[in-house]
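Note that this is a predicted model, so its numbers are computed, not measured. Residues: numbered from 1 along the sequence shown. Whatever order the structure lists ligands and atoms in, that order sets their numbers, starting from 1.
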Amino acid sequence: MKRFRHSVIAATMVAVVLTTAACSRHVDDGGDAVGSSADSNACTSPIKTFKLAFNQTAEHPQYAAGITFGERLMEETGGCYDIEVYPNETLGTQASVLNNISDGSIELAWVAGGVMEPFNADFVVFNLPYVFDSIESEIATLNDHDGAMYDLEHSIEESKRITVLTGVTAGTRNVYNSTRPIKTPADMQGLKLRVQQSDSQVKMIELMGGVPTTLGLGEVYSALQTGTLDGAENNEVTWDAMSHDEVAKYYSYTRHLIMPDYLVASTNALEVMSEEHRAALMDLIPEVAQVANDGFADFTADSLAHAESIGALVNDDVDIDAFKAVLTPFTKESINNDARQKLYDAALANNELYPAK
Ligand code: GCU
């Protein structure tokens, strides 16, 4: 089966103008694109607009990255392909959208690492506690498309028809709740905490001392408001952008996860593109990832400032060693096959290059 390779252009060089795929066609006022019959790169008619599902707000850097992706794809395919980004979970939860990606009814989506596990359990590696020491280490690992990431990114193309285009950072995840700051695992006892629809996340919260509930992101706010949940765990951006900080104001820096998000595509949708258009799309991926990654640090700082301005309380007095003691055996025992070991080793190597600050 044909695998769609990424550009060899490093992410840092993406500002260099990319070669435009030749596309001699005409877009009329109605938006239909008509190619010359001799041109294998001509548009199908009408112009194809890919849906990109996103579960958060239009302020998020992944939304901006999706918009950039669409604009650049229009340029690089001479107007044959466009992307429309659907924010705020309007196309469904990440777990359900992945089924649409698989059957080809949605072409693109941003999804969290946790919800990839049912499709290939080896995705668990970067969803395990305390694997990455820094976001820089995470990004370096995820950008290694032709090395450490290659097998994982293409692992479910044949079986599930899902192609992973890239991973990006989704920051550092910490615990928040409506009742108290968390300093040690003892403070987690009895807290009902939301996790992603993922076995590893359920197990992780149990080991930390909490009571996990799996839910799509969009349902968390009302569950916190009604007291069905005491809290959740997430990055600062999501805690604030989803207004969880209004109802769960104690945010504690457990730093238990640096878990990626992935930009995934329907393999079927990629396969029906001409080779030139598909190559143009793949060549854009480092640029798209860079927009998402570059925007994340500023958005995190702004989110934290906003949360504090509305009265949220941030606690950085956390016994990280105590959390590591209950969680790292789980991480180690989950690295139980060669594929996982290879990914884990790549993370450890990058931790040497990019240690915690
Ligand atoms: C983060 C991540 C999202 C994910 C969310 C969640 O915000 O970026 O992709 O959906 O966590 O916990 O569901």
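- Contact annotation for E89 and ligand 1: no heavy atom of the residue comes within less than 4.0 Å of the ligand.
- In this structure, F126 has its ring center closer than 6.0 angstrom to the ring center of F132.
- Residue E233 has no N or O atom closer than 3.5 Å to an N or O atom of ligand 1.
- Ring-centre distance between F50 and Y81: below the 6.0 Å cut-off.
- A side-chain hydrogen bond (donor to acceptor under 3.5 Å, both in side chains) with R255 holds for exactly one of D133, D316, T172; it is D316.
- Of all atoms in ligand 1, numbered sequentially from 1 with element shown, those under 4.0 Å from a heavy atom of Q56 are 1 (C), 2 (C), 3 (C), 7 (O), 8 (O).
- When hydrogens are left out, the protein atom nearest atom 10 (O) of ligand 1 is N55 ND2, 2.7 Å; that is the closest non-hydrogen contact.
- Against a heavy-atom cut-off of under 4.0 Å, T238 is close to the following atoms of ligand 1: 1 (C), 7 (O).
- Here is the list of ligand 1 atoms found below 4.0 Å of a heavy atom in N235: 1 (C), 7 (O).
- Taking the six-membered ring for Trp and the full ring otherwise, Y251 and W239 have centroids separated by under 6.0 Å.
- Side-chain contact of Q341 with D345: a donor-acceptor pair under 3.5 Å is present, judged by distance alone.
- Residue A170 has at least one heavy-atom neighbour below 4.0 Å for each of these atoms of ligand 1: 8 (O).
- Which parts of ligand 1 touch D261 is read off a 4.0 Å heavy-atom cut-off, strictly below it: atoms 2 (C), 3 (C), 8 (O), 9 (O).
- When only interatomic distances are considered, the shortest N/O to N/O separation between H60 and ligand 1 does not fall below 3.5 Å.
- The residue V237 has no part lying near ligand 1, judged by heavy-atom distances below 4.0 Å.
- Using cut-offs of 30° and 60° for the angle between ring planes, the F296 and H60 rings count as perpendicular.
- For atom 5 (C) of ligand 1, the closest heavy atom belonging to the protein is N234 ND2, 3.7 Å.
- The nearest heavy-atom contact from the protein to atom 13 (O) of ligand 1 is R194 NH2, 2.9 Å.
- Backbone and side-chain nitrogen or oxygen atoms of Q62 are examined, and none is located within less than 3.5 angstrom of a nitrogen or oxygen of ligand 1.
- Of the options Q197, R173, M242, E236, the smallest heavy-atom separation from atom 11 (O) of ligand 1 is shown by R173.
- With 3.5 Å as the limit, one finds no donor-acceptor pair spanning the side chains of D230 and S178.
- Proximity of the aromatic rings of Y262 and F123 is defined here by a centroid distance below 6.0 angstrom, and this criterion is met.
- Not a single heavy atom of M259 sits closer than 4.0 Å to an atom of ligand 1.
- No side-chain donor-acceptor contact under 3.5 Å links R173 and N235.
- Cation-pi check for K324 over Y130 is met; the charged atom lies under 6.0 angstrom from the ring centroid and within 45 degrees of its normal.
- Numbered from 1 in the order shown, with element, the atoms of ligand 1 that lie under 4.0 Å from a heavy atom of Q94 read 3 (C), 4 (C), 9 (O), 10 (O).
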